[in-house]
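Everything numeric in this text was worked out from a predicted model, so none of it was measured. Numbering starts at 1 and runs along the sequence shown.
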Amino acid sequence: MMNRKLTLCLSGLIFLFTILYVANVSNWNDSEQSKAHGGILNLRNESFEQNEVVNLDGEWEFYPGILIEPDDESFSFDPYHDQKQIIKVPGKWDNHIDKEQPYGTYRLVINVPTNGNFGVKVNMIGYASRMFVNGKEIGNSGNPSDKEREYSFSNSSYTAFVSSKTKQLEMVIHVSSLKVTTGGIIRSIKFGPSENILANRDLYKMFDAIVFSGYLLLAIMYCVTFIQQRRNIFELYFSIFCLLQGFYISAINERLILLILPGIGEDLLLRLQLMTIHLSVLFFLLFMYSFFTKYANKKIVTALFLLLLIQAYLLGPFQPVNLSDKFPLLYLQVYVVLLLAVAYCYILFILIRAFQSKVEGSIYIINVVVSFACYGILLGVNLLFEVEFGGAPLFLFLVMVISLSSLISYRSQKAFKKVDELTKELLHLDSLKDEFLIKTSHELRTPLHVILNLSKSILEGLAGPVRKEQQESLLLIHNVGRRLAKMVENLLDAGNIKRGEIHNSPSPTSLQVVGDIMAEMIYLLPNPQSVKLINRTNPSLPKMFVDENGFKQILFNLIYNSIKYTEFGEITVSAEVKDNKMHISVTDTGIGIEENLTRIFSSFYQVDSRFGNKREGLGLGLSITKELVERSGGSISVTSKLGKGSCFTFTLPLAEEGELENERVCTNSFATQKEDTLQTSTVQYDFPKVVEGEKDYTILVVDDEFANLKILMDMIISLDYTVIAVDNGASALQVINDRKIDLVILDLMMPEMTGFDVCKVLRAEFDLFELPVIVLTAAGQVSDLIHSLKMGANEFLQKPIMIDELKARLEFLLLMRTSSKEAVVHELNMYYSQIKPHFLYNTLNTIIGLTYTDTETTREALVHLATYFRAKLDINSYRSFVTLDDEVELVKSYLEIEKIRFGDKLRIVYDIDDTIEAQLPSMTIQPLIENAVHHGVGRKENGGIVKLSINKVGDDVKIVIEDNGIGIPKQKQVELLNGRNSRIGFTNPFKKLKLIKKASFSLESEEGIGTKITIILPGASE
């Protein structure tokens, strides 16, 4: 509060000082100086102390309408004695001159205290003047004349020197203003010893130079600040304003601009002054508007902007307005000052609103603007009345500079303090973020494990069988849960890396790993025809001393990053040895990186893709890569060009001789064991190799490398499963066609037919639950990504395989397969239980009806019912599939009962191949026959024919139920086939057959003609 009061007081004092200065400027120096009386100025008693000068103010002789040529005897004025007038100087001559003759002669006699050299400093007599002293011309500004063709105006100041021999000087000045009547000596003329005049002139030049330099310095400072930050446009506006103000200062008073441009014309200089002052106010208005946007009216600012811009153009050097015309010069000054005053007033209005709102830094801004406004007042008065203000403008400028410096310092301190506080807060938040992520990851891991274990137990059937659709949803939940668990592990890894808790076991590692990784990552390419992976590494290069798994993760992350941002072209991995280090580069032809390249290694930072790809993952890949590289003793860098691609290069240390020797010892020991294994096993292996186990599961192992195949077989044999081993994809498919296989373990990289190709063929034949597939990979991160690409594998294992992990995966997938089969059986039993009461109700109604009319027929019907129940009781022995003979027996028993009921209206035709041996879901044909009887021929007045055909078609069985009943409307057919009809006698058989692999069901019907249902059963059914 105190600061605001002091600021207001200071601003008030500045403003008061300016007003008083303007009001009394003409009297300050007069109190102690002599004034001229009756055209004579007596300076005999003037001492002219150091640098002292006097103003030649007071009463001068004036001869209007005459330009008198003086002589050295002063007699030239005697003939004009009657025309002599006394005029006050400085002052306008408006009341002393005829408007038709705007010219005249001024005369003053000066009595000096001593003979010697004296100087005169003339400050812009309007609008043309010539000075004579003792009859000799000593200086001029323009060309004063009574003839318009000889007249030329100029307002420039000049300094002249004379010598006194009689202690008296006669000063005569011709003044002419043909274009405008306003003129005369309107500013004081300074007089004194030569050295004093020179010192006075230099002082005022110094004042102008200081002000000009200050403005120029501010302009440069704010311009550089804006260029560096390019954030605050008001800095640019203020810079331009200062530059324009500096130019205007150099064009008035001592006219410093003439030192640089001595040949500039008076007319052009005047136009530049007028244009500059308008543009200066314009940019200061823009500065205020951008600095205090909230407190300014855009429409008013726009209007003032346009008016100032138009007027600057009209009055500028483009010459659309002729300044030599009488009309512009009469009203130009008033109009210019009026527009500038309006702009200044609105600027002050903006500042007052901002100050009242206590905007940040307003206590300094108000001083800046008040001093500037006062400075503008002085300039306006100077422009209108040609009044000289001495050092007042310099004082106001210094106040403004000090206030601006205080404002900048205040804002800098505020900004520094804010940045410092934000830095501390960000560091604190960063630590909280890391702690939060670690805690959250730990907390998420527990419920995720619960979700995974529960979904796994349900898939294994531990809680009972579930339907196939439910199994698919559960498998999706399980796989998504695993991917989420992987993300949680990545977060924990990132936290461990940041804390330095990372496992690193370096060993000599060959570049052969690069080939293995790239061979597998080919399958991650969204479009292999558009993007190629190229391996240009040489495996014969020296080995690196690095953790192999860490190296795999580094390479995988970089290649996968390139895959994400490369739509066309190639991704190349190359390596070379330089400076005793391995330099490995991953180069792509992708979109490139526009952002700051150092930021891409920051945690959670992701680059936008120009192809519209969504941001995937957490943005941890490159940050983890950088940490792994640096902890391995290397460094990583990136170069990129937008639209051309990127190149990531990392270095790793080479293995030294001692490390290689240790590796050779271990390798030789392993090679001996491996050779022994090959010698004892190779001879016995004629593929497919079968080893029987005690458990009732058969596992097929496929790998082209014998060592890997032998290890896998030994592991599976130790788990008591039956194992079949083959060494290529084609043999694997042949074994699957010939034998019942419960699970396949498949190496991803094999010659001719890769694991990917085998998996695609298997998935075209078997679903995920029917035949689980485990894929073996060399890269640890490929699993989740291949899941995303839906390659078709159920699980992925990284080489080398751990037996405990293999056991857990095998048990899970085999139990899941068993649970899937039980789910199908359970669902078939559910459909079976739904049809049983429906059929029994219809049959008992028929028998009850017969008891009233025909006892013998009733007895026959009960015999058929007994046959039906005998078959049903056998069917209910928890079997979802029955033989075709059992199903036909049910159908015949049912039809005999219905034939008794309908009599001759129901005719039955059988075309059944008794040699067919097949299985089908129980109660599949009987409900369809029942529909044909009741909803087909039973609704016709004369009845009809129901025909059942069962025949072989190749390896398949074709069952046809046909009637010539009323038929089914088209709309109802669509509803039946889409499961939107409540007739369970039709929908249940249809749903059962959908559960049978390769079974088909078709419906043909036409109203009034009949219905035909065709069922195709595969040659064998489990």
Over all heavy atoms of both residues, which pair between [X] and [Y] is shortest? Give the atoms and the distance, please.
{"X": "His174", "Y": "Pro144", "value": "O-CG, 3.8 Å"}
{"X": "Ile186", "Y": "Gly91", "value": "CG2-O, 3.7 Å"}
{"X": "Ser177", "Y": "Trp93", "value": "CB-CZ2, 3.9 Å"}
{"X": "Val54", "Y": "Glu46", "value": "CG1-CD, 4.0 Å"}
{"X": "Leu41", "Y": "Lys35", "value": "CD1-C, 3.4 Å"}
{"X": "Tyr158", "Y": "Gly139", "value": "CE1-C, 3.7 Å"}

Taking side chain as C-beta onward, heavy atoms only, is [X] less than 4.5 Å from [Y]?
{"X": "Leu339", "Y": "His278", "answer": "yes"}
{"X": "Tyr346", "Y": "Met288", "answer": "no"}
{"X": "Lys299", "Y": "Thr302", "answer": "no"}
{"X": "Met206", "Y": "Leu203", "answer": "yes"}
{"X": "Glu425", "Y": "Leu422", "answer": "yes"}
{"X": "Glu52", "Y": "Asn200", "answer": "no"}
{"X": "Leu216", "Y": "Leu243", "answer": "yes"}
{"X": "Pro90", "Y": "Asp57", "answer": "yes"}

Q: Please work out which of the three classes, parallel, tilted or perpendicular, describes the rings of Phe284 and Phe241, given edges at 30° and 60°.
A: tilted
Would you compute the distance between atom [atom1] of [X] and atom [atom2] of [Y] and round it to the nearest 0.5 angstrom?
{"X": "Leu286", "Y": "Leu279", "atom1": "CG", "atom2": "CG", "result": "10.5 Å"}
{"X": "Asn140", "Y": "Met131", "atom1": "CG", "atom2": "CE", "result": "10.5 Å"}
{"X": "Ser129", "Y": "Asn143", "atom1": "OG", "atom2": "CG", "result": "10.5 Å"}
{"X": "Tyr103", "Y": "Asp98", "atom1": "OH", "atom2": "CG", "result": "9.0 Å"}
{"X": "Tyr289", "Y": "Tyr295", "atom1": "OH", "atom2": "OH", "result": "14.0 Å"}
{"X": "Phe349", "Y": "Ile300", "atom1": "CZ", "atom2": "CD1", "result": "7.0 Å"}

Say whether, by atom type as modelled, one donor and one acceptor occur between the side chain of [X] and the main chain of [Y] under 3.5 angstrom.
{"X": "Ser239", "Y": "Glu235", "result": "no"}
{"X": "Ser176", "Y": "Ser145", "result": "yes"}
{"X": "Ser213", "Y": "Ile210", "result": "no"}
{"X": "Ser280", "Y": "Thr276", "result": "no"}

Q: Quick one: do Phe234 and Tyr237 satisfy ring-ring contact (aromatic ring centres under 6.0 Å, His included)? Show the steps, please.
A: CA-CA 5 Å; Phe234 64 81; Tyr237 291 149; 8.9 Å; no
Q | Verdict with reasoning, Ile277 to Gln245, per side chain to side chain contact (heavy atoms under 4.5 Å, CB included) | A | CA-CA 7 Å; Ile277 193 64; Gln245 277 292 109; 4.1 Å; yes
(Q) As a test of understanding, state which of Asn55, Thr159, Asn196, Val53 forms a side chain to side chain contact (heavy atoms under 4.5 Å, CB included) with Lys121. (A)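 Single side chain to side chain contact (heavy atoms under 4.5 Å, CB included) partner of Lys121 among Asn55, Thr159, Asn196, Val53: Thr159.
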Q: State which residue, out of Ile125, Val89, Ile189, fulfils the side chain to side chain contact (heavy atoms under 4.5 Å, CB included) condition with Tyr106.
A: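 Exactly one option meets the side chain to side chain contact (heavy atoms under 4.5 Å, CB included) with Tyr106, and it is Val89.
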Q.
Can you list everything that forms a ring pair (Phe, Tyr, Trp, His ring centres under 6.0 Å) with Phe161? Sequence neighbours excluded, please.
A. none
Q: Go through the steps for Leu340 and Leu308 under the test side chain to side chain contact (heavy atoms under 4.5 Å, CB included), then give the verdict.
A: CA-CA 8 Å; Leu340 296 179; Leu308 290 167; 3.9 Å; yes
Q. Stepwise, does the side chain to side chain contact (heavy atoms under 4.5 Å, CB included) test hold for Met275 with Leu272?
A. CA-CA 5 Å; Met275 183 183 71; Leu272 288 174; 4.1 Å; yes
Q.
If the condition is salt bridge (charged side-chain N to carboxylate O under 4.0 Å, His left out), which residues does Glu150 pass it with, not counting sequence neighbours?
A.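 With sequence neighbours excluded, Glu150 shows a salt bridge (charged side-chain N to carboxylate O under 4.0 Å, His left out) to no residue whatsoever.
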**Q.** Verdict with reasoning, Asp420 to Lys417, per side chain to side chain contact (heavy atoms under 4.5 Å, CB included)
**A.** CA-CA 5 Å; Asp420 186 54; Lys417 185 177 180 182; 5.6 Å; no
